[in-house]
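In what follows, residues are counted from 1 in the order of the sequence shown. In this text, all values refer to a predicted model and were calculated from it rather than measured experimentally.
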Amino acid sequence: MLFILLVAQFSSTDGGGDLPVFLTSPQHIRSKLGEDLQLPCQTSHTGSAVTTWSWNGRLLSAGSMRVYDDDRIEVVDDGRELLVREITREDIGEYSCTVNLKLQPLSLSHQVEVLVKPTVSIDLKDKIVNLEEG
């Protein structure tokens with residue numbers, strides 16, 4: 001598994017020492033309609049910074065507090081994971097977690113696609129139509 005580490009500089013007012021990093025890499029996630037979606041945002045050395053989640057630019061959560069009014073959304077482990085239950089077609093887009101540091105926030109984004117089974121509706125009166133999967 002490949003991990004990409006994103007690093008920001010801390011000034012001495014932020015405590016210095018270890019630099020904050022994302023332990024999660026950006027992902028392109030394809031989930032089936034109706035499945036639960038788990039979005040990771042594992043970090044280290046972020047101190048007391050609050051992690052926020054947004055979806056297509058809309059704020060979903062700040063720390064463990066959910067801001068967006070959707071009972072399917074759950075913030076796990078103080079923002080280190082976002083769970084969206086029973087995804088719908090409308091859940092597609094960009095999900096970003098942001099570690100809000102004093103001087104400069106760090107963000108990580110995941111792209112989400114929702115896979116939907118194809119449906120075919122044919123209304124032909126006296127004709128035979130053969131459909132094959134594939």
Side chain to side chain donor-acceptor pair (under 3.5 Å) partners for [X], two or more places apart:
X	answer
Asp69	none
Ser31	none
Glu35	none
Arg66	Asp71

| message | List the residues meeting side chain to side chain contact (heavy atoms under 4.5 Å, CB included) with Asp77, not counting sequence neighbours, and say none if there are none. | response |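 With sequence neighbours excluded, Asp77 shows a side chain to side chain contact (heavy atoms under 4.5 Å, CB included) to Arg80, given in chain and number order.
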| What residues form a side chain to side chain contact (heavy atoms under 4.5 Å, CB included) with Ser54, not counting sequence neighbours? |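 Testing Ser54 for side chain to side chain contact (heavy atoms under 4.5 Å, CB included), a comparison that skips the adjacent residues, returns Ser96.
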| field | Donor-acceptor pair, side chain of Arg72 and main chain of Arg85, under 3.5 angstrom | value |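 Yes: the side chain of Arg72 pairs with the backbone of Arg85.
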| said: Check whether Trp53 reaches the backbone of Gly79 with its side chain - one donor and one acceptor, N or O, closer than 3.5 Å. | reply: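 Looks like yes, one N/O pair under 3.5 Å.
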| Steps toward side chain to side chain contact (heavy atoms under 4.5 Å, CB included) verdict (Leu108, Thr24) | CA-CA 8 Å; Leu108 171 79; Thr24 303; 3.9 Å; yes
Minimum heavy-atom distance [X]-[Y], with the two atoms named:
X	Y	value
Ile87	Leu33	O-CD1, 3.6 Å
Val50	Gly63	CG1-N, 3.4 Å
Thr52	Ala62	CG2-CA, 3.8 Å

| said: Can you list everything that forms a salt bridge (Lys or Arg N to Asp or Glu O under 4.0 Å) with Asp78? Sequence neighbours excluded, please. | reply: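 Salt bridge (Lys or Arg N to Asp or Glu O under 4.0 Å) list for Asp78, sorted by chain: empty.
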| said: Give me each pair satisfying disulfide (SG to SG under 2.5 Å) with a member in residues 32-113, each pair once, sequence neighbours excluded. | reply: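 Residue pairs passing disulfide (SG to SG under 2.5 Å), neighbours aside: Cys41-Cys97.
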| Could you give all pairs that pass the disulfide (SG to SG under 2.5 Å) test and reach residues 53-87, with sequence neighbours left out? |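 For residues 53-87, and leaving out neighbouring residues, there are no disulfide (SG to SG under 2.5 Å) pairs at all.
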| said: Measuring from atom CG of Leu82 to atom CH2 of Trp55, what distance do you get when rounded to the nearest 0.5 angstrom? | reply: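 Those atoms lie 11.5 Å apart.
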| request: Please round to the nearest 0.5 Å and tell me the distance separating atom CD of Glu81 and atom CD of Gln42. | output: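 Result: 7.5 Å between the selected atoms.
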| field | Within residues 40-50 or reaching into it, pairs that qualify as salt bridge (charged side-chain N to carboxylate O under 4.0 Å, His left out) - sequence neighbours excluded | value |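 Sorted pair list comes back empty.
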| message | By the salt bridge (charged side-chain N to carboxylate O under 4.0 Å, His left out) test, which pairs, at least two apart or in different chains, include something from residues 39-62? | response |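 Sorted pair list comes back empty.
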N/O donor-acceptor pairs under 3.5 Å from side chains in residues 110-117, not counting sequence neighbours:
from: His110; atom 1: ND1; to: Gln27; atom 2: N; distance (Å): 3.1
from: His110; atom 1: NE2; to: Pro40; atom 2: O; distance (Å): 2.8
from: Gln111; atom 1: NE2; to: Glu94; atom 2: OE2; distance (Å): 3.2
from: Glu113; atom 1: OE2; to: His28; atom 2: NE2; distance (Å): 2.4
from: Glu113; atom 1: OE2; to: Arg30; atom 2: NE; distance (Å): 3.4

| message | Taking atom CD1 as the centre, does Ile92 end up with more than 12 heavy-atom neighbours from other residues, nucleotides or ligands that are less than 6.0 angstrom away? | response |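 It does not: Ile92 CD1 has 12 such atoms or fewer within range.
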Do [X] and [Y] come within less than 4.5 Å of each other through their side chains, counting heavy atoms only?
X	Y	value
Ile29	Leu39	yes
Asp36	Glu86	yes
Leu60	Ile73	yes

